[in-house]
Amino acid sequence: MASAVVAMIMIGNLQYSWTLFVKPLIAAHHWKLSDVQWAFTFFIACQTWFMPCAGWLIDRIGPRKFMTVAGLLCGVGWASLGSAASLPALYALYATAGVGASLVYCGSMGVALKWFPDRRGLAAGVTAAAFGSGSALIVPTIAQIIRASDYRSAFLYTGVGQGLAIVCAAQLLRNPEPGEVAFGTGAAKARVRRHNEDFTPTQMMRTPHFYVMYMAMLMMGIGGLLVTAQLAPLADSFKVSATALTVALAMNPIANGVSRLSWGWVSDHLGRERTMLVAFLIQSATLLSVPLLGRGSDTSFIVCMALVYFTWGEVYVLFPSASTDFFGSRNASANYGFLYSTKGVASIVGGGLAALLFEKLGSWDVVFYGGAVFALCSALMSIVLMKMPLPRKEPAGALAAAEAPGLSARR
């Protein structure tokens with residue numbers, strides 16, 4: 001578990017420190033904001049859309065080999081970004097780091113969910129918090145390197161360091177053997193619905209539960225990714241000081257990590273769906289507060305950003321826990337990989353499209369209002385999920401008949 005946490009800390013800055021490099025890249029190459037932010041979208045897409053395949057392999061072969069490769073991909077991809085002289089090169093190198101981050105995230109989360117079946121919310125929370133708040137340890141260092149030297153040096157030094165750290169951490173990871181862990185009992189689990197069967201990804205995608213969770217996670221992912229990608233341009237637009245931006249950059253990962261720990265713990269006692277409802281409603285309100293309260297005031301800006309992160313980070317705890325509760329732990333990495341792919345779709349809105357809308361409208365308001373509506377829809381979908389019974393596998397006979405309709409017709 002400790003090795004998984006270290007690996008997750010190392011990949012956190014790939015996402016959360018990106019905003020520090022946006023303005024230096026624009027100044028060095030005279031690219032547009034939207035041109036640079038499409039790199040963020042490609043990174044998130046590769047980090048998420050590669051996960052279903054990665055999860056399937058990790059569930060069967062184990063996380064060690066794949067996370068060793070992941071360390072090399074993360075290190076080489078990130079360290080080389082400083083040498084990118086064209087947009088295609090920027091996109092390709094950031095995408096390479098995204099594939100590596102996919103392997104790290106999938107392997108680390110799978111290990112946590114499999115080793116702690118009775119505390120999945122908390123275990124997923126600790127692991128996801130390392131990704132969400134670990135960058136708080138590295139982002140100040142990156143900012144200092146950029147100020148003291150340049151953005152190229154920041155990419156190089158942190159890329160080499162984090163790549164080596166991931167490779168070392170990977171050597172200590174493994175999945176539990178059959179029978180090595182067991183479920184306990186306790187009144188606290190009464191509100192957590194849990195399935196005794198293990199679903200394969202194909203079986204999971206034949207249930208309506210998967211599609212309800214997929215849409216809810218997709219819509220909830222937009223708000224936080226919007227702030228992650230656009231924080232520095234947003235601070236310029238809202239006329240807040242450089243000091244406020246620095247404080248927000250330091251506070252946001254902390255709020256993100258606290259979110260994942262606290263909401264994960266709450267979900268172990270309150271239930272996944274009830275926790276989703278509460279957290280998603282608050283996220284909708286906090287996204288509305290950004291354009292209404294965050295403009296022109298350093299304090300309000302910092303508070304609004306922290307609240308957005310505190311009510312967004314739980315997405316990456318509640319859904320892996322709920323997925324494993326509903327569909328079993330045997331294929332936890334692969335099953336969650338399909339849900340996690342929503343992050344790539346959400347990044348299209350929060351990254352490139354959000355920047356394009358700002359360039360056309362000159363305001364971030366519409367983007368935040370839209371994110372608030374999406375979060376509200378996710379809250380309503382959590383109620384739907386709450387009312388649904390636990391999923392069931394299709395009977396083998398019904399599946400065979402569905403796959404051979406001609407045979408049924410001849411009979």
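Values below: every heavy atom of this structure, side chains too, minus hydrogens, waters and symmetry copies. Just so you know, these numbers come straight off a predicted model, no measurement behind them.
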Side-chain touch F50/C46, heavy atoms, less than 4.5 angstrom: no
Taking the side chain from E314 and the backbone from W312, do they hold a donor-acceptor pair closer than 3.5 Å? yes
Does V266 reach the side chain of R274, with side-chain heavy atoms less than 4.5 Å apart? no
Grab the two heavy atoms, one from V104 and one from A70, that are nearest each other, plus how far apart they are. CG2-CB, 3.5 Å
Q283 side chain to V308 backbone, donor-acceptor under 3.5 Å: yes
Would Q144 and R147 count as a side-chain hydrogen bond (donor to acceptor under 3.5 Å, both in side chains) here? Give the steps. CA-CA 5 Å; Q144 178 60 35; R147 286 193 296 268; 3.1 Å; yes
Mutual orientation of the aromatic rings belonging to F40 and F43 [parallel < 30°, tilted 30-60°, perpendicular > 60°]: tilted
Shortest non-hydrogen contact from L287 to P291? O-CD, 3.2 Å
By side chain to side chain donor-acceptor pair (under 3.5 Å), which residues pair with S17, not counting sequence neighbours? none
Quick note, salt bridge (charged side-chain N to carboxylate O under 4.0 Å, His left out) partners involving residues 281-306, not counting sequence neighbours, are R295-D365
Salt bridge (charged side-chain N to carboxylate O under 4.0 Å, His left out) pairs touching residues 228-243, sequence neighbours excluded, are K23-D236
Please list every donor-acceptor pair under 3.5 Å in which a side-chain atom of residues 72-93 meets a protein atom from a residue at least two apart or in another chain.
residue	atom	partner	partner atom	Å
W78	NE1	T158	OG1	2.9
S80	OG	V76	O	2.7
S83	OG	S80	O	2.7
S86	OG	A89	N	3.3
Y91	OH	D35	O	2.7

Would you call Q162 and L14 a side-chain contact if the rule is heavy atoms closer than 4.5 Å? yes
Tell me, do S153 and D150 make a side-chain contact under 4.5 Å, heavy atoms counted? yes
Nearest heavy-atom approach of A379 to L277 is O-CD1, 3.5 Å
Just jot down the salt bridge (charged side-chain N to carboxylate O under 4.0 Å, His left out) partners of R152, sequence neighbours excluded, or say none. none
Name all residues meeting the side-chain contact (heavy atoms from CB on, under 4.5 Å) criterion together with S297; count only those two or more places apart in sequence or in a different chain, and write none if there are none. T299, S300
Under the criterion side chain to side chain contact (heavy atoms under 4.5 Å, CB included), I'd like the reasoning laid out for Q203 against E197: C-alpha separation, chi angles, the key distance, then a yes or no. CA-CA 11 Å; Q203 292 168 333; E197 292 185 283; over 6 Å; no
Euclidean distance, L380 CG relative to M276 CE, rounded to 0.5 Å: 14.0 Å
List the steps, then state whether side chain to side chain contact (heavy atoms under 4.5 Å, CB included) holds for V5 with M8. CA-CA 5 Å; V5 168; M8 291 287 269; 5.8 Å; no
Is there a side-chain contact between W18 and V36 (heavy atoms, below 4.5 Å)? yes
Main-chain N/O of P320 paired with T324 side-chain donor or acceptor, under 3.5 Å: yes
Exam field: side chain S341 to backbone F338, donor-acceptor pair closer than 3.5 Å: yes
In chain order, what residues pass the side-chain contact (heavy atoms from CB on, under 4.5 Å) check against S237, with sequence neighbours excluded? F358, W364
A side-chain contact here means heavy atoms from C-beta on lying under 4.5 Å apart; do F21 and I146 qualify? yes
Closest contact, heavy atoms only, T19 versus Q230: OG1-C, 4.4 Å
Sequence neighbours excluded, the answer for ring pair (Phe, Tyr, Trp, His ring centres under 6.0 Å) partners of F210 is Y214
Would a distance-only check, ignoring hydrogens and angles, find a side-chain to backbone donor-acceptor pair under 3.5 Å from Q171 to V167? yes
Classify the ring geometry of Y316 against Y105: parallel below 30°, tilted from 30° to 60°, perpendicular beyond 60°. perpendicular
Please name all residues satisfying ring pair (Phe, Tyr, Trp, His ring centres under 6.0 Å) with W49, sequence neighbours left out, ordered by chain then number. none
Run the numbers on M213 and R272 for side chain to side chain contact (heavy atoms under 4.5 Å, CB included), then give the verdict. CA-CA 11 Å; M213 286 195 285; R272 314 295 182 211; over 6 Å; no
Residues at least two apart in sequence or cross-chain that pass side-chain contact (heavy atoms from CB on, under 4.5 Å) with A170, listed by chain then number, are M67, T68
Nearest 0.5 Å please: distance from the CG atom of L245 over to the CE atom of M305. 10.5 Å
Any sub-3.5 Å donor-acceptor pair from H209's side-chain atoms to R392's backbone N or O? no
Side-chain heavy-atom pair Y157, T141 within 4.5 angstrom cut-off: no
Once rounded to the nearest 0.5 Å, what's the spacing between atom CE of M251 and atom CG of L307? 9.5 Å
Spacing of L339 atom CG and T48 atom OG1 [to the nearest 0.5 Å]: 12.0 Å
Do side-chain atoms of E359 reach the backbone of S34 as a donor and acceptor pair under 3.5 angstrom? yes
Kindly state each residue pair satisfying ring-ring contact (aromatic ring centres under 6.0 Å, His included) with at least one member in residues 285-305, sequence neighbours excluded. none
Hey, could you give me the CG/OG1 distance between L353 and T41, rounded to the nearest 0.5 Å? 7.0 Å
What pairs of donor and acceptor atoms, side-chain ones from residues 215-227 against any protein atom, are under 3.5 angstrom apart with sequence neighbours left out?
none

For Y369 and L292, what are the C-alpha separation, side-chain angles and deciding distance, and is it a side chain to side chain contact (heavy atoms under 4.5 Å, CB included)? CA-CA 10 Å; Y369 293 152; L292 296 177; 3.7 Å; yes
What's the separation between atom OG1 in T96 and atom OH in Y94, rounded to the nearest 0.5 Å? 12.5 Å
Can you name the nearest heavy-atom pair linking L231 to A248, along with the distance? CD2-CB, 4.4 Å
Looking only at heavy atoms, the pair that brings P391 and T207 closest together is CB-CG2, 4.0 Å
Geometric class of the F319/F280 ring pair [parallel <30°, tilted 30-60°, perpendicular >60°]: parallel
Under the side-chain hydrogen bond (donor to acceptor under 3.5 Å, both in side chains) criterion, do N256 and S259 qualify, and how do the steps go? CA-CA 5 Å; N256 198 357; S259 168; 5.1 Å; no
